[in-house]
Amino acid sequence: MNNPEIAELLRKMAASYQILGRNTFSIIAYEKAADSIEHLTSEAKDFWDEGRLGDIPGLGQSIAGYLDELFRTGRVRHFEEVMDKVPAAVFPLLNIPGLGPKKAYKLVTILKLKQPDRVIRDVSQACTDGRIRDIDGFGVKSEAAILTGIGEYRRGQIKENRMVLPVADALAEELLTHLRRTPDVKHADALGSLRRQVSTIGDIDIAVSTTKPQAVVNHFLKFPHRKVIEKGPTGASLLLTNGRQVDLRVQKPDTYGSMLQYFTGSKHHNIALRNYALGRGYSLSEYGIKQVKTGNIHEFKDEESFYRALGLPFIPPEIREDRGEIDAARNNRLPKLLELPEIKGDLHTHSLYNLEPSHDLGSSSVAEYLKISENLGYEYIGFSDHNPSISTHTEKQIIAIMKKRKVYYEQQYSSYYRNKQKRVQMFIMCEADILTDGKVALPAEAFRYIDAAVVSIHGSFRQPKDLMTSRVVRALTSHPKVRIFGHPTARLLGRRESIELDWKVIFGLCRQRDIALEINAYPDRLDLPDLIVHEAVKAGVRLIIDTDSHQAQQMYLMKFGVSVARRGWATGRDIANTLDYNTFAKWLVKGE
DNA sequence: GCCGTTTTCGGCCCGACTGTTTTCAGTCG
């Protein structure tokens with residue numbers, strides 16, 4: 001049983017306890033345990049294997065004992081006994097926004113709904129028939145609300161309606177630029193998951209500090225839009241022409257810091273922070289910090305002073321996820337997170353040189369890439385075109401192509417720099433497929449004509465974990481010039497799930513051979529995911545951030561790779577391409 | 001049921017919103 005399934009089971013227990021009227025704090029305990037397991041970076045089963053179930057926060061003797069039974073026998077008798085007291089049809093209804101355990105239970109018992117697999121349809125029908133309005137505690141509006149909720153639930157099942165970070169970021173930048181055009185705006189910032197730079201974003205929320213709220217709201221409403229959803233003296237919501245919703249919140253400068261902190265989240269960070277504050281006699285809210293004894297509320301202009309008032313250094317938004325940042329802050333052990341200017345090169349780019357590759361060519365010339373590398377202040381760039389297709393070439397042909405390609409790059413390079421002093425250094429590389437059996441799609445002899453290889457998976461994504469792991473191990477150990485494991489989970493945001501890998505094995509191997517795991521900054525990849533970055537950093541594995549550019553302008557997307565690294569607690573020392581050219585070349589170029 | 005820079009006992013995040021009420025319960029983020 002995997003983590004999401006266990007979390008769901010624990011949530012069902014919490015709901016059952018709620019219906020059965022048990023102790024509120026048992027209910028909270030089960031919910032916390034579910035949250036905790038959902039946030040875990042490795043499987044709870046792996047903890048159990050190692051006899052460390054108790055190390056999972058929120059699991060005490062009781063719940064850990066039940067999970068032990070679950071892993072040993074596949075069931076928990078206590079859970080079954082409790083949940084048997086609740087009609088099975090209650091549980092599917094908990095997925096409907098607006099319905100919680102109490103209401104769901106009431107509907108199921110009063111309407112005598114027995115069949116879990118059709119209970120949502122039955123409730124929908126009951127709303128349409130007007131059979132819910134007469135139930136105690138419900139009314140006409142409840143019927144409409146439930147129907148809306150069911151609609152949302154159904155749509156949510158069909159399509160995950162989130163933007164990838166770079167898209168949301170670009171949209172937010174337009175809005176922020178628009179807002180900052182009026183002098184009434186003192187500060188304007190993104191809020192929520194966008195400010196924390198999460199890889200996918202739902203709605204865009206923006207905060208403004210001003211002494212003239214109405215003027216700012218009016219100015220905001222001039223942004224091109226399809227419809228005004230809401231407007232008032234302290235905020236407004238617009239539906240944009242692209243179908244996205246933007247919410248604006250306006251605050252006076254004196255309380256801007258508390259508001260920014262509160263709406264940046266994450267929810268889990270805020271809960272943990274409030275817990276921490278409560279131990280010191282403070283109660284937190286979006287309005288400020290209240291001294292519990294006196295009831296006095298202190299307001300904050302900025303977040304720095306907000307955290308300082310709690311005795312903490314500023315915690316960067318990217319790591320506000322309740323993954324240990326409050327403890328680290330308290331002990332003054334927050335990492336000095338990587339920053340964009342530390343990046344000195346990009347090692348995964350595709351030029352337009354046609355080597356008859358297995359996958360897509362780039363569309364920019366070597367000169368264009370060099371030009372942008374200069375603009376970015378880089379010391380080096382690597383060209384990592386896909387290997388020549390193995391289905392349409394013999395080994396001999398591939399070797400010949402790679403040899404010719406090396407000459408081409410060297411000529412392009414020297415002609416670009418004919419009369420120039422300062423140069424961006426170049427690495428001639430290759431992105432080689434990891435084939436189904438773990439072979440790398442580049443003959444050994446072809447490695448002579450490259451400095452190093454990125455290897456990555458472009459097919460057979462659904463192999464079982466052990467097979468996939470040995471496949472990757474074979475590829476990473478196939479040649480000394482294999483130096484980077486590209487977009488390691490092969491996920492595509494909103495389109496394809498990650499492959500399954502035993503990360504412990506991969507981390508161990510990467511450390512042993514000093515191979516870097518790539519953080520691929522391409523918009524719908526953002527791969528490694530931040531959670532695995534965090535694990536890799538803890539394991540002391542070297543990382544490298546690349547854009548996987550297929551046209552030179554995409555090199556500017558590096559900042560999103562940096563965001564992922566920051567969310568994974570990475571510092572400059574964890575990232576290979578913060579090294580200066582000489583040190584970096586020593587690391588990258590191995591073998592003859 | 002969990003947990004400890006107030007505590008191994010006695011606390012447990014906070015406030016808004018909604019719809020149903022006549023002072024509140026349930027749900028959400």
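For the numbers below, each heavy atom of this structure counts, side chains included, while hydrogens, waters and symmetry mates do not. Letters A, B, ... mirror the listed sequences (proteins, then strands); counts begin at 1.
Remark: side-chain polar atoms of A:Glu286 are not paired, donor with acceptor, to backbone N or O of A:Phe263 under 3.5 angstrom.
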In a table with atom names and distances, give each donor-acceptor pair under 3.5 Å that connects a side chain of residues 16-32 of chain A to protein atoms at least two apart or in another chain.
unit_1: A:Ser16; atom_1: OG; unit_2: A:Lys12; atom_2: O; d: 2.7
unit_1: A:Tyr17; atom_1: OH; unit_2: A:His78; atom_2: NE2; d: 3.0
unit_1: A:Asn23; atom_1: OD1; unit_2: A:Phe25; atom_2: N; d: 2.8

Exercise answer: donor-acceptor pairs, residues 525-533 of chain A side-chain atoms, under 3.5 Å, sequence neighbours excluded:
unit_1: A:Asp527; atom_1: OD1; unit_2: A:Thr489; atom_2: N; d: 3.0
unit_1: A:Asp527; atom_1: OD1; unit_2: A:Thr489; atom_2: OG1; d: 3.0
unit_1: A:Asp527; atom_1: OD2; unit_2: A:Thr489; atom_2: N; d: 3.1
unit_1: A:Asp527; atom_1: OD2; unit_2: A:Thr489; atom_2: OG1; d: 3.2
unit_1: A:Asp527; atom_1: OD2; unit_2: A:Ala490; atom_2: N; d: 2.8
unit_1: A:Asp530; atom_1: OD2; unit_2: A:Arg567; atom_2: NE; d: 2.6
unit_1: A:Asp530; atom_1: OD2; unit_2: A:Arg567; atom_2: NH2; d: 3.2

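Checking A:Gln251 against A:Thr255 by side-chain atom types alone, a donor-acceptor pair falls below 3.5 Å. Side chains of A:Ser266 and A:Arg320: a donor-acceptor N/O pair is absent below 3.5 angstrom, by distance only. With hydrogens and angles left out, the side-chain atoms of A:Asp247 and A:Gln245 include a donor and acceptor closer than 3.5 Å. For the residue pair A:Glu230 / A:Ser237, no side-chain donor-acceptor distance below 3.5 Å is found, with atom types taken as modelled. Using modelled atom types, one finds no donor on one side chain facing an acceptor on the other under 3.5 Å when comparing A:Ser498 with A:Arg491. With no hydrogens or angles considered, no side-chain donor-acceptor pair links A:His269 and A:Glu321 at under 3.5 Å.
B:dG26 and B:dT21: their C1' atoms are spaced 13 Å apart (whole Å). Comparing the same atom, P, in B:dA16 and in B:dT22 gives a spacing of 24 Å after rounding to whole Å. Nucleotides B:dT8 and B:dG15 have their C1' atoms positioned 32 Å apart, rounded to a whole Å. Rounded to whole Å, the P atom of B:dC12 lies 15 Å from the corresponding atom of B:dT7. For B:dC14 and B:dC9, the C1' atoms lie 25 Å apart once the distance is rounded to whole Å.
At a threshold of 4.0 angstrom between heavy atoms, the contacts of A:Asn270 with the nucleic acid are absent. Nucleic acid contact class of A:Ser283 (heavy atoms, under 4.0 Å, all strands): sugar-phosphate only.
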Going 5' to 3' along nucleotides 20-29 of chain B, which nucleotides have protein heavy atoms under 4.0 Å from the base (write B), which only from the sugar-phosphate (write S), and which from neither (write -)? SS----SSSB

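Proximity of residues 48-75 of chain A to DNA chain B (heavy atom under 4.0 angstrom from any strand atom) is restricted to A:Pro57, A:Gly58, A:Leu59, A:Gly60, A:Gln61, A:Ser62, A:Ile63. Non-hydrogen atoms lying under 4.0 Å from DNA chain B are contributed by nothing in residues 82-89 of chain A.
Base pairing of B:dC24 is made with B:dG19, judged by Watson-Crick or G-U wobble geometry with both donor-acceptor distances under 3.5 Å.
Atoms CG (A:Leu310) and P (B:dC14) sit 13 Å apart, rounded to a whole Å. Rounding to whole angstrom units, NZ of residue A:Lys32 and C1' of B:dG4 are separated by 12 Å. Rounded to a whole Å, the CG atom of A:Asp35 is 13 Å from the P atom of B:dC3. A straight line from NZ of A:Lys293 to C1' of B:dT6 spans 10 Å, rounded to a whole angstrom. Across the protein-nucleic acid pair, A:Asp327 atom CG and B:dC3 atom P stand 13 Å apart, rounded to whole Å. Computed from coordinates, the A:Tyr30 OH to B:dC3 P distance equals 13 Å when rounded to whole Å. As a whole-Å value, the separation of A:Ile37 CD1 from B:dC2 C1' is 14 Å. Rounded to whole Å, the distance from CG on A:Leu278 to P on B:dG4 is 15 Å.
Applying the 4.0 Å criterion to OP1 and OP2 of B:dC14, one finds that A:Ser285 has every side-chain N and O outside that range. The side chain of A:Arg280 contributes an N or O atom lying less than 4.0 Å from OP1 or OP2 of B:dT6.
The salt bridge (Lys or Arg N to Asp or Glu O under 4.0 Å) search around A:Arg333 returns none, not counting sequence neighbours.
For A:Asn275, the side-chain atoms get nearest to B:dC12 when compared with the rest of B:dC14, B:dA16, B:dC12.
Ring geometry for A:His534 against A:Trp569 counts as parallel: the plane angle stays under 30°, on a 0 to 90° scale with 60° as the upper cut.
When the nearest nucleotides of DNA chain B are assigned to A:Tyr17 and A:Arg330 by heavy-atom distance, the more 5′-ward of the two goes with A:Tyr17.
Under a cutoff of 6.0 Å and an axis angle of 45°, A:Arg280 and A:Tyr276 form a cation-pi pair.
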